[in-house]
Number of protein chains: 2
Amino acid sequence: MVTMKDVASRAGVAQSTVSYVLTGSRRISERTRLAVEEAIAELGYHPSVSARTLRSARTQVLALALPRGGDGYRPTDGRFAIEVCDAARAHGYDVLMLTEREGVPGLRRMAGGGQADGAILMAVAVDDPRVAVLRELGLPFALLGTERAPGGRGADGAEDFSGAAPFADLDWAAAVELALTAAAGAGHTGLAYLPCAAEEVAGRKGYAVRGLAGAGAAAERLAGSTRVRLLEPPAPDALYEELLALLGDPRRPTALAVQHVVGVPTVLAAAEACGLRVPEDLCVLPIGMLPGDTAGRPLPRIELPVTEMTTAVTELVVAAIAAHGAGEDPGAVGHRLIRPALLDAQLLHAG
Amino acid sequence: MVTMKDVASRAGVAQSTVSYVLTGSRRISERTRLAVEEAIAELGYHPSVSARTLRSARTQVLALALPRGGDGYRPTDGRFAIEVCDAARAHGYDVLMLTEREGVPGLRRMAGGGQADGAILMAVAVDDPRVAVLRELGLPFALLGTERAPGGRGADGAEDFSGAAPFADLDWAAAVELALTAAAGAGHTGLAYLPCAAEEVAGRKGYAVRGLAGAGAAAERLAGSTRVRLLEPPAPDALYEELLALLGDPRRPTALAVQHVVGVPTVLAAAEACGLRVPEDLCVLPIGMLPGDTAGRPLPRIELPVTEMTTAVTELVVAAIAAHGAGEDPGAVGHRLIRPALLDAQLLHAG
DNA sequence: CTGTTAGCGCTTTCAG
DNA sequence: CTGAAAGCGCTAACAG
């Protein structure tokens with residue numbers, strides 16, 4: 001292994017000078033700098049990450065707590081992981097994956113061992129216990145999703161998140177509300193909302209809970225003009241049968257907002273089985289689909305703003321790390337609630 | 001931060017004794033061991049990963065080179081990442097993600113800085129340039145997919161992979177061959193094969209190239225009894241139109257083997273648009289779908305053996321790291337080519 | 001069975 | 001503007 005010492009002797013300078021050239025924490029003469037840089041290039045020198053970390057107590061690594069693999073896998077999780085990775089590199093951080101299988105002990109291991117400067121938590125649930133652990137460990141962090149139960153909205157339509165842990169998320173309540181009101185506005189008089197899977201609702205995942213809240217708000221707001229059927233959070237095996245019952249009924253809805261995005265193919269299959277054409281006979285409106293996931297045909301939709309979310313959450317942890325380093329409160333870096341956008345809205349048109 | 005020194009003084013032993021208790025590299029009396037363990041628990045001590053790494057030159061980290069995010073994202077990539085992570089933990093390794101956006105420089109950075117003991121490469125292409133780089137860097141590695149162009153098969157039906165870099169992969173050629181011959185065996189007389197996306201074929205991704213090879217072999221083998229149409233690798237925008245042309249024709253195939261799995265929803269949409277029912281009028285047979293990804297209805301299929309692949313590739317890197325440590329050839333740990341399995345074969349039945 | 005000690009490669013203070 | 005030297009927390013060789 002080639003070390004700083006090798007570079008130093010080759011460049012004819014002191015070892016510390018090489019360090020200063022690399023870190024830039026001291027003014028160095030042009031001449032010396034060039035000599036050092038040349039030696040580095042010639043020897044193919046790379047700084048030892050562990051030595052640097054041991055000395056400086058900074059790892060330039062973020063821990064990413066992923067939902068566990070296996071049955072509960074959602075395609076979105078992997079996409080988030082990859083884009084978090086890109087965003088982190090843009091700030092000079094690498095990303096170490098932590099499977100939820102390891103849970104809280106994994107986070108302790110990471111923080112205690114000093115393997116990461118900060119953490120990002122995915123698939124956050126309301127009152128997520130991991131948040132308390134991270135606070136206790138003193139590890140700066142930010143969430144993809146929020147741990148707060150949905151509260152009321154103020155006059156400006158914004159929820160109060162003061163005191164909440166730093167997070168980035170789509171405004172799921174607003175997204176579902178937008179989907180339903182837009183469908184109503186397009187002339188649909190029979191609306192239905194398919195929430196996230198029963199398991200996600202039971203696990204109190206933020207997106208699932210807030211989506212339901214938004215649907216409730218929309219139903220109330222539209223009451224009188226439009227009936228909104230709020231379906232039960234479906235169990236995986238029962239989904240198809242329930243959809244057949246819903247869509248086979250003559251009083252079926254003409255628009256179906258689907259937050260349960262892995263169920264969209266099932267929705268399309270059930271519609272086909274009932275002899276309904278999409279979009280002519282039934283308007284299917286997915287909420288939270290991955291960009292690029294077309295379900296095979298153009299649909300009006302609200303996409304998951306993956307890049308915005310991962311960019312934002314990364315900025316938040318980085319800010320929290322900086323605050324922590326400066327002796328300030330790493331929890332006070334704020335949050336980012338992303339406004340939903342309805343795409344291909346012209347496809348909403350009621351038959 | 002609580003260090004070994006703190007633990008040692010609390011337990012009334014030498015600092016090295018604490019180290020020996022932790023590493024188990026020396027016999028320790030029961031009495032001493034208990035005292036040390038108690039002190040560790042009381043103080044909440046965690047060993048410093050960077051110090052340990054600096055000293056021992058072992059990181060217990062694997063680098064995972066992911067295909068880059070953005071347009072080319074495939075849902076499979078994220079799933080692999082998560083399951084690799086699980087498999088690695090089972091061997092005591094953490095996983096550091098490397099986006100392909102960084103490419104070869106990323107690998108150099110990782111190897112040079114001593115941030116990982118080994119690497120796993122995803123989405124490997126034939127003659128993948130990263131393989132040469134890894135060999136040059138002396139970093140043990142294993143591939144998900146193989147960098148070899150498909151060769152002929154011996155009498156036992158096995159390809160010769162001697163000299164190939166360590167890899168784990170589904171036997172894609174056998175998978176496509178199995179799909180087509182099984183469909184023919186079920187009575188279909190008009191078969192078609194939809195290969196991977198044009199971009200993947202052009203990028204010479206192993207699965208894409210070997211799938212094509214298998215289709216060619218099957219077509220040859222079935223010639224005389226059954227006609228197999230080998231479709232062109234589709235460009236994303238053209239897929240739907242091409243399928244309409246294929247399925248709208250009265251001489252359309254009755255079974256369609258689809259290796260382009262992200263296109264399955266499009267296939268189903270096109271079939272519906274042509275008034276074809278699946279599976280009654282058209283048998284759709286996906287090859288390489290993620291387990292659990294149902295496309296909304298039961299289909300005969302060959303799934304991607306994600307868990308087998310990730311388990312195997314992890315065992316291979318771990319073996320390569322051990323070989324490297326023992327001064328042996330880390331490239332000589334072999335490979336694992338997984339035999340395809342046809343699921344729900346009864347759904348193949350020709351109308 | 002346990003203790004003492006020499007570094008691993010780096011950052012940073014102290015001294016020119 | 002540059003050099004010398006201390007020491008981060010750990011492992012493992014050496015010495016009882």
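Chain identifiers are assigned alphabetically (A, B, ...) following the order of the sequence lines, protein sequences preceding nucleic acid strands; residue numbering begins at 1 within each chain.
Within the 4.0 angstrom heavy-atom criterion, only backbone atoms of the sugar-phosphate kind lie near B:Thr3; the bases stay farther away. B:Ser16 comes within contact range of at least one nucleobase, with a heavy-atom separation under 4.0 Å. Heavy atoms of A:Ser48 sit under 4.0 angstrom from primed sugar atoms or phosphate atoms, though from no base atom.
By the ring pair (Phe, Tyr, Trp, His ring centres under 6.0 Å) test, A:His335 is found to be paired with A:Phe161, A:Phe167, residues two or more places apart in sequence or in another chain being considered. Residues forming a side-chain hydrogen bond (donor to acceptor under 3.5 Å, both in side chains) with B:Ser56 (at least two apart in sequence, or on another chain): none.
Between atom CZ of residue A:Phe80 and atom CG of residue A:Leu66 there is a gap of 11.5 Å, rounded to the nearest 0.5 Å. In this structure, CG on B:Asp117 lies 5.0 Å from CD1 on B:Ile321, to the nearest 0.5 angstrom. Rounding to the nearest 0.5 Å places CG of B:Leu316 at 9.5 Å from CG of B:Leu143. With rounding to the nearest 0.5 Å, the separation of CG in B:Asp6 from CD1 in B:Ile40 is 11.5 Å.
Of all the residues in residues 106-116 of chain B, not one reaches under 4.0 Å from DNA chain C with any non-hydrogen atom. Listed in residue order, the members of residues 32-44 of chain A having a heavy atom less than 4.0 Å from DNA chain D are A:Thr32. Taking a 4.0 Å limit (strictly below) on heavy-atom distances, residues 20-30 of chain B reaches DNA chain D at B:Tyr20, B:Thr23, B:Arg26.
Between B:Arg33 and B:Glu38 there is no salt bridge, since no side-chain nitrogen of the basic residue lies less than 4.0 Å from a carboxylate oxygen of the acidic one. A salt bridge does not link A:Asp128 with A:Arg204: none of the charged nitrogens is closer than 4.0 Å to a carboxylate oxygen. Between A:Glu308 and A:Arg336, at least one side-chain N (NZ, or NE/NH1/NH2) sits under 4.0 Å from a carboxylate O, which counts as a salt bridge.
Atom CZ in A:Arg55 sits about 12 Å away from atom P in D:dA6, given to the nearest Å. Distance, B:Leu54 CG to D:dC8 C1': 9 Å, rounded to whole Å.
Residues A:Ala65 and A:Arg130 approach most closely at CB-NH1, 4.0 Å, considering heavy atoms. In terms of heavy atoms, B:Ala168 sits closest to B:Ala312 at CB-CB, 3.8 Å. In plain terms, the two heavy atoms of B:Thr99 and A:Cys85 that are nearest each other are OG1-SG, 3.3 Å.
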Between B:Ser29 and B:Thr32, does the side-chain hydrogen bond (donor to acceptor under 3.5 Å, both in side chains) criterion hold? Intermediate values first, please. CA-CA 5 Å; B:Ser29 74; B:Thr32 310; 2.7 Å; yes

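Taking every nucleotide of DNA chain C with any atom under 4.0 Å from a non-hydrogen atom of chain B, the first and last of them, 5' to 3', are C:dC1 to C:dG9.
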